[in-house]
Amino acid sequence: MPHRSSAMAAAIVPVSPLTVGVSTLEDTLAVHLADMQPDNARALIETIGVMAQACARISHLASQGVLGGAHGLAHNHNSQGEAQKKLDVLADEAMSNALEKCRHVAGWASEEHEHPTVSYDHGTQGRYLAVFDPLDGSSNIEANISIGTIFSLLPHPYRGTTPGEMGFMQPGHQQIAAGYVLYGPATIMVLTCRRGVLMFTLDRSAPAAEGQARWVLTQESVTIAPHTREFAINTSNQRFWEKPVQRYVAECMAGESGPRMKDFNMRWVASMVAEVHRIMTRGGVFLYPRDTREPVKPGRLRLMYEAAPMALLVEQAGGKGSTGTSDLLDIVPDALHQRAPVMLGSREEINRIVGYHEDPNENVSMQLFKTRSLFVQPQA
Ligand code: AFP
């Protein structure tokens, strides 16, 4: 059997122009990364290919529904104390098993495990550290609503030694690549290697079970419009939000008769992958702000598994990601499972929300606006 790397090397020369609807993942990346040093490009293509293959496997498991035996609880808890679903566990295994075989990956961190895993065979020589949320939106599984996988590649900072937890503590702007796979009516991968954003659709008629998943390029240069009339937030937490978010949402809700002078639409899928994908296709903002429900947690979403990869994708598509007070990509994690407030999407809207955080007269504006808001603002 040929070694996978030699098969990849053959696949990346000669390059041909990208053709949407025809170019496969490997062919597309060979063209897309043509400016990279060939050895680096080959390693990146091979590693993304390995993760894409694992996601095709997860797509297959998810698409089987209850017939595949992947519904329901696994009767385990993850490192965060959250009850794991069977599909959480299976997705985690699919990603881990794939990365274990990849010679470029020295180690990986999964949202499902307390500590990172060092690759048995490639721990010292691998050039990347992989980080992933194997199954995002797991509360949606039994309801047959979209779910996803989020992944990111960081450089292994101490190549030649095995990676420790400290090696993963890198800010989001260090990411070499980031992507997500949406398991919806179609399975779609959205990927950035810091050269814009590409979108691929899994050809489900190809035999994924034999490791032959076929991802077809379906959009190049994915771009998020700077303005939007759509926002996504879990409004059941409204009373816990910080004031600038209260103000932003209240103004959207006030619609034409409020200061924004236009009507807004709202969505909430409870799967960040699905929300970000909607933003990638038609704009919008996604907010999971800091709130006062659990003061020790600065938000619900994980910085490394969710916020940072999505922020890179959004930024590469022309949008912006922020905590409200700082750029999501600038945060240096101090713990693997660190949480962060997340606001991302259409650039001008995120700038507006950041502006509200900076506004020293915030409380004054809130009082003025109170008369027109559909929300009753909580008393200070
Ligand atoms: P699960 O994977 O535990 O279902 O969490 C999904 C998620 O991290 C993110 O994808 C959603 O946007 C968010 O949590 C939903 O949170 P709420 O249930 O609080 O709305």
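Remember, it's 1-based here, ligands and their atoms both numbered in the order they're listed. Every value quoted in this text rests on a predicted model; they were computed, and no experiment measured them. Heads up: numbering here begins at 1 and tracks the sequence.
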Under a 4.0 Å heavy-atom limit, does [X] contact ligand 1 with its side chain, its backbone, both, or neither?
X	result
R302	neither
R300	side chain
F286	side chain
N237	neither
S139	both

Run the numbers for me: atoms of ligand 1, each under 4.0 Å from some heavy atom of [X], listed by number.
X	value
S271	10 (O)
L301	7 (C), 8 (O), 9 (C), 14 (O)
N234	17 (P), 19 (O), 20 (O)
M272	9 (C), 10 (O), 11 (C), 12 (O)

Return yes if a side-chain donor-acceptor contact under 3.5 Å exists between [X] and [Y], otherwise no.
X	Y	value
E275	Y288	no
H357	E242	yes
D121	S119	no
T187	R204	yes
S271	N140	no

| field | Shortest protein contact, atom 2 (O) of ligand 1 (heavy atom only) | value |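 Minimum-distance protein heavy atom for atom 2 (O) of ligand 1 reads G137 N, 2.8 Å.
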| query | Nearest to atom 19 (O) of ligand 1, what protein heavy atom do you find, and at what distance? | reply |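 Looking only at protein heavy atoms, the one closest to atom 19 (O) of ligand 1 is Y288 OH, 2.6 Å.
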| request: Tell me which one of K85, E306, R293, E111 gets a heavy atom nearest to atom 8 (O) of ligand 1. | output: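 Comparing heavy atoms across K85, E306, R293, E111, the nearest one to atom 8 (O) of ligand 1 lies in E306.
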| said: Side chain or backbone, does W268 bring an N or O within less than 3.5 Å of an N or O on ligand 1? | reply: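 In this structure, W268 places an N or O atom under 3.5 Å from an N or O of ligand 1.
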| Polar atom proximity, S138 to ligand 1 (N or O, under 3.5 Å) |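 Yes; at least one N/O pair falls below 3.5 Å.
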| request: Decide, yes or no, whether a salt bridge links R57 with E93 under the criterion of side-chain N to carboxylate O below 4.0 Å. | output: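 Between E93 and R57 there is no salt bridge, as every charged N stays at least 4.0 Å from the carboxylate O atoms.
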| message | I'd like to know if R247 pairs up with E251 as an ion pair, taking the criterion as any Lys NZ or Arg NE/NH1/NH2 lying under 4.0 Å from an Asp or Glu carboxylate oxygen. | response |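 Yes, R247 and E251 are salt-bridged.
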| field | Shortest non-hydrogen contact between R214 and T24, atoms and distance | value |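 Looking at all heavy atoms of both residues, the closest pair is NE-CG2, 4.0 Å.
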| said: Working note: V181 + W215, criterion side-chain contact (heavy atoms from CB on, under 4.5 Å); need CA distance, chi angles, decisive distance, verdict. | reply: CA-CA 11 Å; V181 175; W215 295 90; 3.8 Å; yes
